[in-house]
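Residue numbers run from 1 in the order of the sequence given.
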Amino acid sequence: MEDKALEILNKFSQSGYEAYIVGGYVRDYLLNRKTNDIDICSSATPKEILEIFDNVIVSNMQYGSVVIIYKGYKFDVTTFRKEIKYENNRKPVKIKYIKDIKKDLLRRDFTINTLCMNEKKEIVDILGVREDLEKKILRTVGNPRYRIKEDSLRILRCIRFATLLDFEIEPKTKHFLSKYGYLLKGLSSTRKKEELDCIFSSTNNEKGKKLLIELKLTDVLGLEKLNDINLCTDLIGIWCQLEVDDLYPFTKVEKDQMQELRELLSYKELDDYLLFKYGLYLCTVYCDIKGLSKHKLNTMYHSLKIQSTKDINFSGDDIAKVLGREPGKYIKDIMEDIEKSILNGILENNNENIKGYIIEKYKEK
Ligand code: ATP
Ligand code: MG
């Protein structure tokens, strides 16, 4: 993908424009981290880009960003710009195209996100900030007092980068992240959740948790329980313990999983029946949260006599038929009895045996 991006940069320069790979890709390249998201910035305006490339999607003409589809890959391309006015501590309402890349870099969030790569794959460090990357420091471009206030998303981006890259936040930047933390209440829950998902799913999520607590952001984010939860590597496992199902956007499936997991977590120990009932995934998260061996769990799961209701050689309708009754709520109880008995080994999982068991125990004589 990188070679395609370099070809794009070449095409720009052949048409008389300046263009660079910028931001996350260059940062991660220097840190030896693989990424598949390449952002390009250029002195060409969206209109001019449309003249140079055949396959261009204009995503946001007004904000000078387009997507170039080149040899099967997608690249976000922005025109060098100055952001004039911010609204509601988030998106700029007005931008101006400029020809000077330096000014474009000055509007970016953190110094480590301003490094560029030219078409010869050389690193171009216009703001002279490469040392921050080498020293693993996160610092806003310019005075954090203004840079954090003008866009509150930067607070969470900063914590995300500190967590994922294991960087330290420069003290003054840190001070204003905390001071303007209250502005996060104006940020959409979807944007907040995207960032929090990245932070929580990191293998270094302990650091993210510490930062959110240290910077006193838990209240404004509704994460009052953060201090008390057991971190794990699964997002459902973390969100379930935070109990914010209605505060952040979750799908119906995720909400159901969180509810079930909370139920499961109320049990002190797992047994065959719980493993059968809640399934391997939720039980794995259970072990992750409780610090129990997942290897043992896997062995336990694979030696279950039945792993789901589908494995039972008898259906709810069969129960009603055998008892000569209309189907009703009672079926669920009998089914549960059958499941437990099979799992315990007192009932064999074949149609004849189950039928006999039901007649013996439930048929009115
Ligand atoms: P990643 O792609 O790993 O999430 P990134 O730094 O590339 O990290 P993007 O959201 O892809 O993040 O943005 C690309 C670049 O645009 C950033 O590197 C940064 O220079 C700039 N940028 C993104 N969001 C902001 C923001 N909220 N404020 C200022 N500059 C930003
Ligand atoms: Mg990016």
Residue among Leu275, Leu265, Leu261 satisfying side-chain contact (heavy atoms from CB on, under 4.5 Å) with Leu282: Leu261
Answer with yes or no whether the side chains of Glu260 and Tyr278 bring together a donor and an acceptor at under 3.5 Å. no
For Gln259, the side chain to side chain donor-acceptor pair (under 3.5 Å) test, sequence neighbours excluded, returns Arg262
Hey, is Glu51 close enough to Lys47 for a salt bridge, meaning N to O under 4.0 Å? no
Indicate yes or no: at least one non-hydrogen side-chain atom of Thr140 is less than 4.5 angstrom from one of Arg154. no
Might you work through the side-chain hydrogen bond (donor to acceptor under 3.5 Å, both in side chains) test for Tyr25 and Asn36, ending with a clear yes or no? CA-CA 8 Å; Tyr25 184 82; Asn36 284 320; over 6 Å; no
Evaluate the ring-ring contact (aromatic ring centres under 6.0 Å, His included) criterion for residues Phe75 and Phe53: first the C-alpha distance (whole Å), next the side-chain angles of each, then the deciding distance (0.1 Å), finally the verdict. CA-CA 12 Å; Phe75 299 90; Phe53 294 91; 9.4 Å; no
I'd like to check Ile95 versus Lys82 (side-chain heavy atoms, cut-off strictly below 4.5 Å). Are they in contact? no
Looking at every heavy atom in both Gln307 and Tyr301, which two are closest together, and how far apart are they? NE2-O, 3.1 Å
Minimum heavy-atom distance between Ile331 and Gly316, given as atom pair plus value: CD1-O, 3.4 Å
Apply the test side chain to side chain contact (heavy atoms under 4.5 Å, CB included) to residues Lys103 and Arg81: give CA-CA distance (whole Å), side-chain angles for both, the deciding distance (0.1 Å), then the verdict. CA-CA 7 Å; Lys103 286 197 183 125; Arg81 64 197 160 160; over 6 Å; no
Of all heavy-atom pairs between Thr45 and Thr79, which one has the smallest distance, and what is that distance? CA-OG1, 3.6 Å
Applying salt bridge (charged side-chain N to carboxylate O under 4.0 Å, His left out) as the test, list every pair that has at least one member in residues 311-329; sequence neighbours left out. none
List the steps and the verdict of salt bridge (charged side-chain N to carboxylate O under 4.0 Å, His left out) for Arg130 and Glu134. CA-CA 7 Å; Arg130 191 155 166 187; Glu134 270 133 33; 3.2 Å; yes
Report yes or no: is the cationic atom of Lys340 (NZ for Lys, CZ for Arg) closer than 6.0 Å to the six-membered ring centre of Tyr273, at no more than 45° off its axis? yes
Got a list of side-chain donor-acceptor pairs under 3.5 Å for residues 177-191, not counting sequence neighbours?
{"residue": "Ser178", "atom": "OG", "partner": "Leu215", "partner atom": "O", "Å": "2.9"}
{"residue": "Ser188", "atom": "OG", "partner": "Arg191", "partner atom": "N", "Å": "3.1"}
{"residue": "Arg191", "atom": "NH1", "partner": "Glu194", "partner atom": "OE1", "Å": "2.3"}

With Tyr286 via side chain to side chain donor-acceptor pair (under 3.5 Å) - residues at least two apart: none
Would you please name every residue forming a side-chain contact (heavy atoms from CB on, under 4.5 Å) with Asn313, sequence neighbours left out? Asn349
Is there a side-chain contact between Lys192 and Tyr248 in this structure, where contact means two heavy atoms from C-beta onward sitting under 4.5 Å apart? yes
Assess whether a salt bridge exists between Asp109 and Arg157, defined as any Lys/Arg side-chain N lying under 4.0 Å from an Asp/Glu carboxylate O. yes
Can you sort out the partners of Asn205 under side-chain contact (heavy atoms from CB on, under 4.5 Å), two or more places apart, ordered by chain and number? Leu231, Ile238
Any chance you could measure Arg147, atom CZ, to Leu106, atom CG, to the nearest 0.5 Å? 8.0 Å
Residue pairs involving residues 228-239 (criterion side chain to side chain donor-acceptor pair (under 3.5 Å); sequence neighbours excluded): Asp197-Trp239, Thr233-Asp288, Asp234-Tyr281
So how far is it from Leu133 CG to Asp28 CG, rounded to the nearest 0.5 Å? 9.0 Å
Measure across Leu212 and Phe200 and return the closest heavy-atom pair with its distance rounded to 0.1 Å. CD1-CE2, 4.2 Å
Pair listing, salt bridge (charged side-chain N to carboxylate O under 4.0 Å, His left out) test, anchored in residues 264-277, at least two apart: none
Tell me if a side-chain donor or acceptor on Glu360 pairs with a main-chain N or O of Tyr357 at a distance below 3.5 Å. no
Tyr29: partners by ring-ring contact (aromatic ring centres under 6.0 Å, His included), with sequence neighbours left out: none
Roughly how far apart are Asp337 CG and Leu347 CG, rounded to 0.5 Å? 8.5 Å
So, using side-chain contact (heavy atoms from CB on, under 4.5 Å) as the criterion, who are the partners of Ile334 when residues are at least two apart? Ile319, Leu323, Tyr330, Ile338, Ile358, Tyr362
Residues Lys96 and Glu83 bridged, charged N to O under 4.0 Å: no
Closest heavy-atom pair, Ser43 versus Lys99, reported as atoms and distance to 0.1 Å, is O-NZ, 2.9 Å
Would you give the length of the straight line joining atom OG of Ser15 to atom CD1 of Ile52, rounded to the nearest 0.5 angstrom? 4.0 Å
How long is the span from the CG atom in Leu274 to the CD atom in Glu263, to the nearest 0.5 Å? 10.0 Å
Are any side-chain N or O atoms of Lys209 and backbone N or O atoms of Ile229, one a donor and one an acceptor, separated by less than 3.5 Å? yes
So, for Glu339 and Thr309, which heavy atoms are closest and what is the spacing to 0.1 Å? OE2-CG2, 3.3 Å
Applying side chain to side chain contact (heavy atoms under 4.5 Å, CB included) to Thr114 and Val141, what does each step give before you reach the verdict? CA-CA 9 Å; Thr114 64; Val141 178; 3.6 Å; yes
So the side chain to side chain donor-acceptor pair (under 3.5 Å) pairs with at least one residue in residues 160-174 (sequence neighbours excluded) are Arg160-Glu195, Asp166-Asn204, Asp166-Lys207, Glu168-Lys207, Glu170-Thr173, Lys174-Glu214
Just jot down the side chain to side chain donor-acceptor pair (under 3.5 Å) partners of Arg139, sequence neighbours excluded, or say none. Asp132
